[in-house]
Structures are given as C-alpha cells and as structure tokens.
Amino acid sequence: MTYEPSTMNTIRSHFPILSQTVNGKPLVYFDNGATAQKPQVVIDAINELHSSLNGNIHRGIHYMAEQCTERYEAARETVRAYINAAKSHEVIFTAGTTAGINLVAFSFGEKYVTAGDEIITTEMEHHSNVVPWQMLCNRKGATLKVLPFADSGELRVDLLSSLISPKTKLVTVTQISNVLGTINPIAEIVKIAHARHIPVLVDGAQGAQHGGVDVQQTGCDFYVFSGHKIYGPTGIGVLYAKEKLLEEMPPYQGGGDMVKTVSFAKTTYADLPYKFEAGTANYIGAIGLGAAISFINSLNKKELRKQEQTLLQHATAQLRAIDGINIYGNASNKAGLVSFSMERIHHLDVAQILDKLGVAVRSGTLCAEPVMQHYGLTGMVRASFAFYNTIEEINVWVEGLKRVKSMM
Ligand code: PMP
C-alpha cells in the first residue's frame with residue numbers, strides 16, 4: 001500500500017477511530033503528541049493474537065507459544081531495522097519511554113555513577129527525562145546539570161561544551177520537544193559529548209513519531225521510545241543501547257526469562273537482550289508495535305513529513321492571525337505541533353470549549369513544568385498533528401479558537 005497525499009481519505013480510512021463523532025461533532029484529533037491513533041492492521045494483529053494465538057513466549061514448545069515467540073522476535077527485528085541498530089539484541093522491549101529511561105538511570109547509574117558525578121539534561125525535557133535522573137542523583141550524591149534553551153525554543157547547544165566537566169557521566173536530551181516542537185541537532189550533540197567520551201541518551205518519544213532515527217548515523221548510545229506514539233499499542237516501548245554498554249550494565253529487574261541458571265548460591269544472567277527483559281514480556285504489544293512499524297514502512301515517508309509540515313505551517317499562520325495568541329517554540333527546525341496560550345483565558349477553558357466542538361487538544365503543563373517555568377506560565381494549550389490530520393481540521397480548530405475568544 002502506498003500513501004497518496006492527494007487522497008487524505010485513503011490514509012484516514014485505515015484509522016477507524018477518526019471517523020467518529022465526539023460531543024455530536026466530527027472528531028478532530030489533535031492530541032497525537034500524547035498518543036497516536038491505531039491503524040486497522042494494528043488492531044487486527046492484536047485481536048488475532050488474543051482470539052487465536054496467545055501463548056507465552058520463550059517457554060512452551062506448543063504451537064501457539066512458538067508462534068508468539070517467532071512473531072515477538074520478528075517484531076524485534078522490525079524495530080532494529082526501523083532505527084537502524086547494528087544488532088537485534090541491542091533492542092530491548094520495555095513498557096515505554098519512561099520505563100526505558102528508568103532502566104538506564106538505574107542500571108547505568110549503578111555501574112557508572114558515584115558521589116560527585118554529574119548528569120546533564122536539558123531545560124526542555126519531559127518529566128520522564130528529568131525525574132529518573134534526579135532520583136539517581138539523590139541516590140548517589142551526584143548533580144543534575146541543565147542545558148538551557150533560548151526563548152525561541154532552540155536548545156543552547158553552544159553551551160554544552162562548557163557544561164561538560166571531568167565528572168560528567170551522561171548527557172540526556174530529547175530528540176523533539178513535546179512542548180516546543182524543536183527538533184534538536186542530535187548528531188551534533190553526540191559529537192560534542194563523544195569528543196569528551198561521554199555517552200548520550202536520546203528521548204525519542206516524539207522523534208520516533210515525527211521522522212524516526214538512524215541510531216548508527218546519529219551515534220547516540222541510548223535511544224528510547226514508546227509504541228503508542230507511533231501508531232502502536234500502549235504498554236510497549238523500546239530501549240536501544242550499544243551492545244558494549246548493555247553487556248557492562250547490570251540487570252534492572254530480576255525474574256523469569258532473564259536468567260541462565262538459578263540456585264540459592266548463585267544466579268547467572270541470560271544473554272542480551274533477555275538480561276533486560278525480566279518476567280513475561282508484553283509480547284502482544286511488541287507484535288502490535290511491529291505491525292505499526294510495518295504500516296509506517298508501507299507509506300511514503302517523505303510525503304508524510306511533507307503533510308505534517310504543511311499542517312504546521314498552516315496552523316502557525318492561522319494562529320498568528322488571531323490577536324492575543326502567543327506561540328511558544330519558533331525553532332527553525334520544528335515538528336508538527338503548536339503550543340500556545342490565549343491572553344486572559346485559562347488553558348483549561350480553551351481545551352474544554354474545544355472539546356465541546358469535538359476538537360481534542362492537550363492543555364496543562366504538558367509534563368514539562370520546567371518549560372512552563374521558563375515562560376512564567378502555569379500551562380499551555382497544545383495541538384499536535386499526525387499525517388492523517390487535514391487542513392480542514394485545522395480550520396475547524398481555528399474557528400473554535402475564535403469562538404473561545406469571543407465567548408471569554
Ligand atoms: N518524553 C517525551 C518527549 C514525551 O513526549 C513523552 C510522552 N508525552 C514521554 C517522554 C513519556 O512517554 P511515555 O509516557 O509513553 O513513557
């Protein structure tokens with residue numbers, strides 16, 4: 001199947017949820033940054049497993065267990081190819097971005113971080129890429145340093161070198177800000193950190209949705225993302241890490257499937273990737289994620305990106321034409337989302353009125369309080385677009401905003 005941008009209905013017809021009405025109005029779904037909707041092939045893959053093929057992986061030798069195992073490992077290979085990892089055992093299935101970052105913060109932290117060390121994060125991170133590092137620093141007596149961003153929404157990469165010290169153990173940065181939309185120059189950041197022999201973790205929660213990544217080309221040491229943001233199921237995600245690091249890092253959780261032998265005297269751990277996949281894995285989620293990636297691969301990626309940029313440009317121009325709207329994040333390299341505030345109108349009121357009109361947007365701190373603090377705000381409204389959104393939907397949303405303004 002190939003995607004033809006001229007026939008938006010073709011792409012939308014793969015997503016059954018999009019054709020419903022909400023509050024009596026046709027749904028306009030602009031909360032793709034929080035979670036993206038699922039194509040029928042993903043829904044079907046999950047249904048098929050639950051209705052006719054469910055068997056726990058890596059254990060039973062019966063037909064269904066073997067089928068699920070095979071498909072689970074095939075999904076790992078699909079993920080490997082999607083992010084261009086060198087080896088499939090560098091792909092660890094997790095519960096999501098948050099789970100992946102916590103895994104690294106604990107396991108990498110246990111191995112390499114001691115009192116007095118430093119971790120560098122940035123001012124534009126989601127809480128998921130702040131709190132696990134704060135917890136690690138508190139445990140170890142280490143310090144969390146913060147690379148700031150400019151008011152334009154661009155990261156001050158020029159300051160990174162001076163922030164790095166002999167005590168720095170890791171740099172962690174988002175590929176795309178979930179508030180500002182900024183697409184960060186990951187390869188450049190990796191280059192600066194690697195020049196000082198410091199590994200880099202990239203939070204790909206938004207990046208995996210808007211364009212993906214080539215982990216070998218960027219050179220990052222860790223890359224994490226969530227299935228539900230790239231049209232796959234919830235409760236599944238991926239941690240990519242370089243083999244050498246994964247070999248050196250201790251397991252994060254203990255349990256079934258992550259061991260070779262167990263006795264009360266001594267336990268030996270399984271090889272990669274299983275060392276980091278304790279307990280029954282979310283194999284149905286992983287297979288669903290594989291189906292989502294195969295769906296994305298069947299589309300014309302260039303056209304998808306073009307569509308998102310068209311939506312972004314139209315949305316930005318429309319917002320700029322309304323008095324009293326402030327847009328946050330005007331980076332020259334920006335993904336398809338717009339965060340904004342309306343003067344003298346609370347962000348929750350905006351989202352609530354839009355909801356009555358069938359338009360789903362996000363409001364609040366967007367899980368990024370430091371970004372709110374940067375602008376002195378308590379919250380924003382965010383519209384985040386996916387390739388299945390349309391110009392017509394943006395027009396409905398903009399009319400809704402005009403109505404909010406006149407009502408309030
Ligand atoms: N990082 C970023 C940049 C995000 O946008 C999100 C989700 N909003 C997360 C991390 C956390 O993802 P999850 O809740 O799927 O673990």
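What you see is a predicted model; the values in this text were computed from it and never measured. First listed ligand is number 1; within each ligand, the first listed atom is number 1.
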Item to check | Shortest reach to atom 9 (C) of ligand 1 by a heavy atom, considering only His228, Arg362, Gln209, His126 | outcome: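 That would be His126.
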Within a distance under 4.0 Å of any heavy atom of [X], pick out the atoms of ligand 1 and give their elements.
X      : value
Lys229 : 6 (C), 7 (C), 8 (N), 12 (O)
Ser226 : 12 (O), 13 (P), 15 (O), 16 (O)
Ser128 : 10 (C), 11 (C)
Gln206 : 3 (C), 4 (C), 5 (O)

Checklist entry - Is there a salt bridge (charged side-chain N to carboxylate O under 4.0 Å, His left out) between Glu308 and Arg305 once you walk through the steps? => result CA-CA 5 Å; Glu308 283 182 18; Arg305 241 161 277 163; over 6 Å; no
Report yes if the distance between the aromatic ring centroids of [X] and [Y] is under 6.0 Å, otherwise no.
X      : Y      : value
Phe295 : Phe15  : yes
His58  : Tyr72  : yes
Phe30  : Phe385 : yes

Checklist entry - Can you tell which part of Glu125 has a heavy atom less than 4.0 Å from ligand 1: side chain, backbone, both or neither? => result neither
Item to check | Asp203 contact mode with ligand 1 (heavy-atom cut-off under 4.0 Å) | outcome: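 The side chain, only.
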Checklist entry - Any side-chain donor paired with an acceptor under 3.5 Å for Ser13 and Gln40? => result no
Checklist entry - Among all protein non-hydrogen atoms, which one is nearest to atom 16 (O) of ligand 1, and what is the separation to 0.1 Å? => result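 The closest heavy atom on the protein side is Thr98 OG1, 2.6 Å.
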Next on the checklist: Show the nearest heavy-atom pair for residues Leu27 and Ile17, with the distance to one decimal.
Outcome noted: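 Closest heavy-atom pair between Leu27 and Ile17: CD2-O, 3.6 Å.
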Next on the checklist: Looking at ligand 1, is there an atom of it that comes within less than 4.0 Å of some heavy atom belonging to Thr174?
Outcome noted: yes
Next on the checklist: Whether the side chain of Tyr82 engages the backbone of Ser294 through a donor-acceptor N/O pair (distance < 3.5 Å, no angle test) should be reported.
Outcome noted: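 No, Tyr82 side chain to Ser294 backbone: no donor-acceptor pair under 3.5 Å.
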